[in-house]
Number of protein chains: 2
Amino acid sequence: MQNPLKTIFPNFSNELIATIEDNGSQQSFEAGTILMRTGQYIKNTVLILKGKIKIYREGEDGGEFLMYYLQPGQACAISMICTAKSEKSQIMAKVVEDVTVMMIPLQLMDKWMMEHRSWYEFVIETYRSRFEEVLEVVDNIAFRSMDERLEFYLKRHSDACGCSEVKLSHQEIATELNTSREVVSRLLKKMEQRGLVKLNRNQIELLK
Amino acid sequence: MQNPLKTIFPNFSNELIATIEDNGSQQSFEAGTILMRTGQYIKNTVLILKGKIKIYREGEDGGEFLMYYLQPGQACAISMICTAKSEKSQIMAKVVEDVTVMMIPLQLMDKWMMEHRSWYEFVIETYRSRFEEVLEVVDNIAFRSMDERLEFYLKRHSDACGCSEVKLSHQEIATELNTSREVVSRLLKKMEQRGLVKLNRNQIELLK
DNA sequence: AATCTACAGTAACATTTATCACAGAAGGAT
DNA sequence: ATCCTTCTGTGATAAATGTTACTGTAGATT
């Protein structure tokens with residue numbers, strides 16, 4: 001059987017893989033676990049091997065405004081960025097599907113950046129793609145109305161899971177878009193009337 | 001007289017300064033110039049020596065949603081990020097006060113990252129601070145109402161210029177917050193009644 | 001089967017924000 | 001001074017979104 005790390009991070013060099021295995025610590029967390037809180041100091045960089053982590057911004061009222069999801073083969077850009085100076089986190093990270101991660105002590109970050117080309121490229125690409133994703137989020141809330149944002153949100157979800165069924169309650173969607181359940185219900189009903197989705201309990205099927 | 005680059009970028013090593021002078025090209029642009037457009041390929045990293053550049057997201061209706069400003073001693077994070085793979089820009093950059101910049105060919109980015117510790121640290125810090133700034137923007141539009149956003153916007157401006165007078169028309173503010181002038185006028189009037197600002201033509205004085 | 005609970009639908013109303021319409025004021029140009 | 005343009009103030013109204021209150025329903029629990 002091939003090295004699982006190599007399978008998940010195919011671009012990493014063999015030396016880097018070996019170094020990660022020597023220095024990282026593999027850990028698992030159950031869905032619901034909060035891995036990072038706003039204001040907390042960050043001590044590790046996290047590579048996702050399995051499962052799904054939600055990165056969000058917490059509102060005073062308990063809103064969980066979705067920034068993006070982390071999936072296998074990805075890493076937390078925030079933890080990489082803050083790492084250099086052990087800065088405070090500005091976001092929340094919550095496990096949404098049981099995860100296995102590789103924790104890497106932050107002081108190794110800088111070292112590896114110099115020593116491993118494939119690590120350097122991975123970090124830069126992680127920054128870039130997350131920055132872009134966040135810009136897109138800004139676009140949505142700045143320029144789009146709730147119905148468009150909802151459509152975009154559903155598409156993102158179905159893209160992420162690779163299927164056309166989104167298994168979420170209206171309340172969960174409302175929380176992540178920072179609106180109310182009633183609004184989500186109303187808009188989804190309209191979308192159903194337009195033939196865009198089919199609604200079931202705890203499940204929304206995208207038709208187009 | 002001390003080297004101007006060293007004055008503006010005090011953390012750069014002397015060797016790095018020399019390298020920048022050898023390889024960069026100093027250029028000036030007038031207020032109003034658009035330095036970068038959404039969808040354009042990026043060919044240079046830009047260091048700001050003088051003046052001010054606005055980084056914003058363009059809406060279909062011509063909105064110019066403010067992300068942040070670039071000032072002397074700073075660099076465009078986007079151009080650094082995209083650089084590695086000559087990616088397309090996702091944002092717009094417009095000169096708001098006549099600038100002098102140092103343009104650095106993107107292929108030097110990676111090289112310098114390895115060779116100059118002070119460049120590496122500068123790049124990482126640039127990413128980090130911009131990411132944070134954008135997260136704060138998200139917070140504002142996701143969780144705050146227009147009156148709070150307006151207050152925050154004015155504070156940001158006065159912080160940036162280091163003075164308590166913000167020299168902008170209501171229309172300009174409205175454009176950057178993606179709302180309408182009337183709304184801005186009304187909210188400012190309320191702020192004036194609460195004793196938070198003093199309003200003049202093309203100028204808002206912050207009192208608290 | 002009876003009960004309970006989380007989820008979903010919907011009407012009525014409140015609030016916020018956007019749009020339209022217009023009037024007046026400040027400052028520059030002639 | 002007169003004209004012009006830009007900026008500002010404000011009412012009236014429309015539209016989007018948030019809130020309250022209540023109903024029904026599916027599935028789980030007993």
Trainee: May I ask you to say whether A/Arg128 pairs ionically with A/Glu132, meaning some side-chain N is under 4.0 Å from a carboxylate O?
Mentor: yes
Trainee: Could you tell me the separation between the NZ atom of A/Lys190 and the C1' atom of C/dA11, rounded to a whole number of Å?
Mentor: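 Going from NZ in A/Lys190 over to C1' in C/dA11 covers 14 Å.
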Trainee: Identify which nucleotide among D/dT10, C/dG9, C/dA25 has an atom closest to any side-chain atom of B/Arg201, counting heavy atoms from C-beta outward.
Mentor: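 Given the options D/dT10, C/dG9, C/dA25, the side chain of B/Arg201 is closest to C/dA25.
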Trainee: Starting at CD of A/Glu182 and ending at P of D/dT23, how long is that distance when rounded to a whole Å?
Mentor: 15 Å
Trainee: Can you measure A/Arg144 atom CZ to C/dT17 atom P for me and round it to whole angstrom units?
Mentor: 20 Å
Trainee: side-chain hydrogen bond (donor to acceptor under 3.5 Å, both in side chains) between A/Tyr153 and A/Asn140: does it pass, once the steps are laid out?
Mentor: CA-CA 10 Å; A/Tyr153 173 90; A/Asn140 276 302; over 6 Å; no
Trainee: Between atom CD1 in A/Ile141 and atom P in C/dT17, what is the gap in whole Å?
Mentor: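 One finds 14 Å between P of C/dT17 and CD1 of A/Ile141, rounded.
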Trainee: Calculate the interatomic distance between B/Met146 atom CE and D/dG18 atom C1'; express it in whole Å.
Mentor: 16 Å
Trainee: Hey, which of A/Glu58, A/Glu30, A/Glu64 is the one that makes salt bridge (charged side-chain N to carboxylate O under 4.0 Å, His left out) with A/Lys94?
Mentor: A/Glu64
Trainee: Rounded to whole angstroms, how far apart are CZ on B/Arg149 and P on C/dT16?
Mentor: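 Between P of C/dT16 and CZ of B/Arg149: 15 Å.
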Trainee: Between C/dA18 and B/Thr179, is there an OP1 or OP2 to side-chain N/O distance shorter than 4.0 Å?
Mentor: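 The answer is yes; a side-chain N or O of B/Thr179 sits under 4.0 Å from OP1 or OP2.
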Trainee: What is the separation between atom CD1 on B/Ile204 and atom P on D/dT8, rounded to the nearest whole Å?
Mentor: 8 Å
Trainee: Locate the shortest heavy-atom distance separating B/Pro105 from B/Asn23; write the atom from each residue and the value.
Mentor: CD-O, 3.8 Å
Trainee: Could you check B/Arg186 against B/Leu168 and say which one's nearest nucleotide on DNA chain D is further toward the 5' end?
Mentor: B/Leu168
Trainee: Does A/His170 have a side-chain nitrogen or oxygen under 4.0 Å from the phosphate oxygens OP1 or OP2 of C/dG9?
Mentor: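 Looking at the OP1 and OP2 atoms of C/dG9, one of them is under 4.0 Å from a side-chain N or O of A/His170.
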Trainee: Check the pair A/Glu60, B/Arg144 against salt bridge (Lys or Arg N to Asp or Glu O under 4.0 Å), reporting the backbone distance first and the verdict last.
Mentor: CA-CA 10 Å; A/Glu60 283 140 7; B/Arg144 318 243 169 253; 3.4 Å; yes
Trainee: In this structure, how many angstroms lie between the P atom of D/dT25 and the NZ atom of A/Lys189, rounded?
Mentor: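 About 12 Å, once rounded to whole Å.
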Trainee: Nearest to the side chain of B/Arg181 - D/dT17, D/dT10, D/dG27?
Mentor: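 Side chain of B/Arg181 sits closest to D/dT10.
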Trainee: Within the structure shown, what part of the strands sits under 4.0 Å from B/Ser180 by heavy-atom distance: base, sugar-phosphate, or nothing?
Mentor: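 Answer is base: heavy atoms of B/Ser180 come under 4.0 Å of a base.
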Trainee: Can you identify which nucleotide, out of C/dT10, D/dT25, D/dT17, has its nearest atom closest to the A/Val183 side chain?
Mentor: D/dT17
